[in-house]
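First the structure, which I've put down as structure tokens, then a few questions once you've had a look.
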4 protein chains.
Amino acid sequence: MSEPNIPAVRSRGRPRSDVSQLAILNATRDLLEERGLVDLTIEEIAQRAGVGKATIYRRWPSKGTLAFEAFAFQFLARQPLPDTGNLRGDLLAALLSWIRAVKGTVTGRTLVGLIAEVQRDPELAQIWAEKFVKPVRAQQHLLISRAVERGEIAATADPDIAIDMLFGPAYHRLLQSHLALSDRFARNLVDTIINGLAAGEPTVR
Amino acid sequence: MSEPNIPAVRSRGRPRSDVSQLAILNATRDLLEERGLVDLTIEEIAQRAGVGKATIYRRWPSKGTLAFEAFAFQFLARQPLPDTGNLRGDLLAALLSWIRAVKGTVTGRTLVGLIAEVQRDPELAQIWAEKFVKPVRAQQHLLISRAVERGEIAATADPDIAIDMLFGPAYHRLLQSHLALSDRFARNLVDTIINGLAAGEPTVR
Amino acid sequence: MSEPNIPAVRSRGRPRSDVSQLAILNATRDLLEERGLVDLTIEEIAQRAGVGKATIYRRWPSKGTLAFEAFAFQFLARQPLPDTGNLRGDLLAALLSWIRAVKGTVTGRTLVGLIAEVQRDPELAQIWAEKFVKPVRAQQHLLISRAVERGEIAATADPDIAIDMLFGPAYHRLLQSHLALSDRFARNLVDTIINGLAAGEPTVR
Amino acid sequence: MSEPNIPAVRSRGRPRSDVSQLAILNATRDLLEERGLVDLTIEEIAQRAGVGKATIYRRWPSKGTLAFEAFAFQFLARQPLPDTGNLRGDLLAALLSWIRAVKGTVTGRTLVGLIAEVQRDPELAQIWAEKFVKPVRAQQHLLISRAVERGEIAATADPDIAIDMLFGPAYHRLLQSHLALSDRFARNLVDTIINGLAAGEPTVR
DNA sequence: GCGTAACCGAGACGGTACGTCCCGTCTTGAT
DNA sequence: ATCAAGACGGGACGTACCGTCTCGGTTACGC
């Protein structure tokens, strides 16, 4: 978000301070935990970080984009690409990792808050798409393509549908809170995704 | 939300004005269209409706609950309970109705905004659960139970999983905007829900 | 400045609070003494008065106009209209009162600050002209017209010149600080105003 | 103020750029005209002059001192020492020169602004006393002492009072704007200074 | 038909955070 | 050592809304 991969042309003037950058991100991380995204204020972050407000605004256009950067690393780090050798195991492992990361955690509340914030902050929406959705999705595609290679899924199946069927219901429960994100839910969901709802041939069940 | 079904004891004092009630809801509806839920302010609604702010606060505890009331009727009215005689048809009809109601519409943008708002407004969260999730979900349960009666779904199947598999991916795409809510998506999703991902033949289940 | 002489039409809505009004003026008076006009901030006045900033801005367009109101009363109260029976006595008494009020006092420093502020604040400039210059000047005119009636000054003399010759040099020394506002200066000035610079005898003109 | 008359020891390192010096003064002069002293900011001067802010602070301690330097030359150049051969002519010429320089001019507005600024900027106050009040006053003293030599004024008269009686009223009108700085005012003032207010018996003057 | 209680529009209230502006200083690489 | 550039910590600005309170006035019931 803020670090270009290539040092670029080394712009003129005093360079931005890494110390401030870090202090801001740490203060944000702490306050996110203490107050949640909703009650986060730029003013308090600045004060906590010992930094002028302008220094924050110089780097992040909104509190959403700042919170995202403080959130993204620790979330993404907890989403390993599982490799259990079969589709069911992979999907279940991925889903359970996600549930572990978000259920009843600060990370989870922040994730929900950020999804809410994405709806109102176009700058954040762009970063969200680029730095969150895209990499996460790329990883999820691997799960599906490996299953296709193993012949567990027909090559004609739409991988996007498959991914959305796994995480869509999970996000749905996280956001609507209508039902629990239990392990039972995870197993049940994965099985139904693979086998479908349709009552099997031995209809006599 | 605000009017009790039973007139109750008919309290003393000047009764609340229906004219104001309507003016507020109309102003809210208009401003929702002009600005979106995010930039909606009670102050502007009051001004537009020619009403004191207190008159609004007397009836709704927050802008979310007010916006919900302005939103709920027109959304729910567009979600008929389909009855096509088979599971696939019912699911597809329900999903397509939902997509028609939300894709590229003010209603859709308001729905997204309300889901965001639910995360930060406890009063709204309660109303949301009671007046939106519960009735909608009850209707969706009918779809599944009818399919069970018809023998299209095993009686042991979890209807909540089934419903979440249908609408979870749809809400996911609405909120994350990563992929389009196309008719093709709807058909593909319904088929996969019913038949599962698993490759072709009645694999060794 | 803020109180209309006639209660007018009694405008609608909650009336402005006299308690707040007074608290603001008192806080301003205190801070004027502690910090001086230059380092006066609306923010601190609001905090000291236990009042929102908007409540101040609703009443006074700038810190200058507010400071003026806090200053004017106590200054004007100290500028009595002297009546010693002769021009010399009257002018001297008026000048000495002025010097007593401003020399080495908070009032004096505030007066200087306000004259400075008048140069940069058009709203204040208007109030200054109306509520300060005009009444003070009207009083000073009386001094001169009484002397004319007594035959001490020719009826053709310009009273404005006379007043400016008395207070102009005084303000000049207050603002430029080049020389002291001593009693000796006052006596000397008054004498020279009355008798002129021209050397003694009806010189050979 | 900034250039020492003697080059001194020719200090080490890169010498200060004359080009920058001039660019800063020119930018200041222009912005003084465009915005007035009040709304002058160091930031904008630096940008306009194509110069770093530090380069300005290295030379002038405040915007007042900088503005003074941009102002002083063109003001002082317009204040010649008149020599008409008599007191009345000299005083009138000096006063009219002053009025010409300040009435309705950028120089006048800057003069007023600087007097205001002097009240809040101690560094400027010192420079103001040394580089403005002192030389101007020395020149004005000449006017009076020549009149004393000519016998037009008693040797015992206080020359400072005389000077203040001439310019005090003028500055007063410039700062308070209560009456015009007309030629009529100038003549009337000078006459009254010389002859006094008192209705003389030898009315035959 | 009078009192009283709850409502009404208007708008001021104390408060909080906003995002901007400018201050005067500091830190770069380049003269 | 100074230059242009521009980031730094700081602090006040004036604004926007929040949700509450206080006016004078309006209904409509219960006495």
Side-chain angles (χ1 to χ4, degrees), chain A residues 10-21 23 39-47 49-59 61-63, chain B residues 9-17 19-20 23 39-47 49-59 61-63, chain C residues 9-17 19-21 23 39-47 49-59 61-63, chain D residues 10-17 19-20 23 39-44 46-47 49-59 61-63:
Chain A
R10 186 65 181 92
S11 68
R12 301 210 295 164
R14 178 175 175 173
R16 294 191 178 166
S17 160
D18 291 343
V19 176
S20 296
Q21 179 92 357
D39 297 321
L40 202 62
T41 67
I42 298 283
E43 210 136 48
E44 196 174 12
I45 293 170
Q47 195 193 340
V51 137
K53 282 200 286 177
T55 301
I56 298 179
Y57 284 111
R58 212 172 279 124
R59 292 168 154 85
S62 63
K63 88 172 176 186
Chain B
V9 276
R10 189 62 180 97
S11 66
R12 306 213 315 136
R14 176 175 175 175
R16 292 186 179 169
S17 160
V19 177
S20 296
D39 297 321
L40 201 62
T41 67
I42 298 283
E43 205 132 315
E44 197 174 12
I45 293 170
Q47 196 194 341
V51 137
K53 284 200 287 174
T55 302
I56 298 178
Y57 283 111
R58 213 172 280 125
R59 292 165 154 88
S62 61
K63 87 169 177 188
Chain C
V9 275
R10 187 63 181 91
S11 68
R12 303 209 295 165
R14 178 175 176 174
R16 294 189 179 168
S17 160
V19 176
S20 296
Q21 179 93 356
D39 297 321
L40 201 62
T41 67
I42 298 283
E43 210 137 50
E44 196 175 11
I45 293 170
Q47 196 193 340
V51 137
K53 282 200 287 178
T55 300
I56 298 179
Y57 284 112
R58 212 173 278 125
R59 292 168 155 83
S62 63
K63 87 172 176 187
Chain D
R10 188 64 178 92
S11 64
R12 305 212 313 135
R14 176 174 173 176
R16 292 188 178 171
S17 158
V19 177
S20 296
D39 297 321
L40 201 63
T41 67
I42 298 282
E43 204 133 315
E44 196 175 12
Q47 195 195 340
V51 137
K53 283 200 287 175
T55 301
I56 297 178
Y57 283 110
R58 213 173 280 125
R59 292 165 153 90
S62 61
K63 86 170 177 187

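Residue numbers start from 1 in every chain, and the chains themselves are labelled A, B, ... in the order their sequence lines are given, proteins ahead of strands.
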Next on the checklist: Could you tell me how far apart A:Glu44 (CD) and E:dA17 (C1') are, to the nearest whole angstrom?
Outcome noted: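 Atom-to-atom, A:Glu44 to E:dA17, this comes out as 11 Å.
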Checklist entry - For B:Gly50 and A:Pro61, take the nucleotide of DNA chain E holding the closest heavy atom to each; which residue's nucleotide lies nearer the 5' end? => result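 Looking at DNA chain E, the more 5' nearest nucleotide goes with B:Gly50.
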Checklist entry - Contact class for A:Ala46 (heavy atom, under 4.0 Å): base, sugar-phosphate, or nothing? => result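 Contact class for A:Ala46: none.
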Checklist entry - With nearest nucleotides of DNA chain F determined for C:Lys63 and B:Asp39 from heavy-atom distances, which residue corresponds to the more 5′ nucleotide? => result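 Nearer the 5' end of the strand: C:Lys63.
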Next on the checklist: Please confirm whether the shortest side-chain N or O distance from A:Arg59 to OP1 or OP2 of F:dC8 is below 4.0 Å.
Outcome noted: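 A:Arg59 to F:dC8 OP1/OP2: side-chain N or O found under 4.0 Å.
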Item to check | Below 4.0 Å: OP1/OP2 of F:dG19 and any side-chain N or O of B:Arg58 | outcome: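 Answer no for this pair, as no side-chain N or O of B:Arg58 is under 4.0 Å from OP1 or OP2.
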Next on the checklist: Distance check needed: E:dC21 C1' versus D:Gln47 CD, whole Å only.
Outcome noted: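 The distance from CD of D:Gln47 to C1' of E:dC21 comes to 13 Å, rounded to the nearest Å.
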Checklist entry - Taking all atoms of both residues into account, what is the closest heavy-atom pair of A:Arg59 and A:Thr55, and its distance? => result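 The answer is NH1-CG2, 3.2 Å.
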Checklist entry - Starting at the 5' end of DNA chain F and moving along, which residue's nearest nucleotide shows up first, C:Ala54 or A:Ile56? => result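 Looking at the nearest nucleotide for each, A:Ile56 comes out on the 5' side.
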Next on the checklist: What is the separation between atom CZ on B:Arg16 and atom P on E:dG9, rounded to the nearest whole Å?
Outcome noted: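 Rounding to the nearest Å, CZ of B:Arg16 and P of E:dG9 are 12 Å apart.
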Next on the checklist: Give me the atom names and distance for the closest heavy-atom approach of D:Ala23 to D:Ala49.
Outcome noted: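 Closest pair (atom of D:Ala23, atom of D:Ala49, distance): O-CB, 3.6 Å.
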Item to check | A:Tyr57 side-chain proximity, nearest of E:dG19, E:dC22, F:dA12 | outcome: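 Looking only at side-chain atoms, A:Tyr57 lies closest to E:dG19.
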Checklist entry - Can you tell which of E:dC7, E:dC23, E:dC13 lies closest to the side chain of D:Lys53? => result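 For the D:Lys53 side chain, the nearest candidate turns out to be E:dC23.
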Next on the checklist: If I compare all heavy atoms of A:Lys63 with all of A:Leu40, which pair ends up nearest, and what's the gap?
Outcome noted: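 Distance-wise, the nearest heavy atoms are NZ-O, 3.0 Å.
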Item to check | Side-chain N,O (B:Arg12) to OP1/OP2 (E:dT4) below 4.0 Å | outcome: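 No, outside the criterion.
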Checklist entry - Closer than 4.0 Å, any side-chain N/O of B:Thr41 to the OP1 or OP2 of F:dC17? => result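 So the side-chain polar atoms of B:Thr41 never come under 4.0 Å of the phosphate oxygens OP1 or OP2 of F:dC17.
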Next on the checklist: By nearest heavy atom, map C:Glu43 and C:Gly52 onto DNA chain E; which one lands nearer the 5' end?
Outcome noted: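 The answer here is C:Gly52.
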Checklist entry - Starting at CD1 of C:Ile45 and ending at C1' of E:dG14, how long is that distance when rounded to a whole Å? => result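 Interatomic distance, CD1 of C:Ile45 to C1' of E:dG14: 16 Å.
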Item to check | Phosphate OP1/OP2 of E:dC7: any B:Ser17 side-chain N/O under 4.0 Å | outcome: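 Answer no for this pair, as no side-chain N or O of B:Ser17 is under 4.0 Å from OP1 or OP2.
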Checklist entry - Rounding to a whole Å, what distance do you find between A:Gln21:CD and F:dG9:P? => result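 Answer to the nearest Å: 12 Å.
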Item to check | Nearest-angstrom distance from the residue atom CD1 of A:Ile42 to P of F:dG9 | outcome: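 Result: 14 Å.
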Checklist entry - Whole-Å distance between E:dT27 P and A:Asp18 CG? => result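 It works out to 14 Å between those atoms.
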Next on the checklist: Show the nearest heavy-atom pair for residues A:Ser20 and A:Ser17, with the distance to one decimal.
Outcome noted: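 In terms of heavy atoms, the two residues are closest at N-OG, 3.0 Å.
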Next on the checklist: OP1 or OP2 of E:dA12 versus the side-chain N and O atoms of C:Thr55: is any pair under 4.0 Å?
Outcome noted: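 Answer no for this pair, as no side-chain N or O of C:Thr55 is under 4.0 Å from OP1 or OP2.
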Next on the checklist: Tell me the closest heavy-atom pair linking A:Ala46 and A:Gly52, and the distance in Å.
Outcome noted: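 Minimum heavy-atom contact is CB-C, 4.3 Å.
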Checklist entry - Do any side-chain nitrogens or oxygens of B:Arg14 fall under 4.0 Å of OP1 or OP2 in F:dT27? => result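 It does, given that an N or O in the side chain of B:Arg14 lies less than 4.0 Å from OP1 or OP2 of F:dT27.
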Checklist entry - Does OP1 or OP2 of E:dG14 have a side-chain N or O of C:Ser20 closer than 4.0 Å? => result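 So the side-chain polar atoms of C:Ser20 do come within 4.0 Å of the phosphate oxygens OP1 or OP2 of E:dG14, strictly under.
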Checklist entry - Is it true that the side chains of A:Gln21 and A:Arg16 contain a donor and an acceptor less than 3.5 Å apart? => result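 No - no donor-acceptor pair under 3.5 Å links their side chains.
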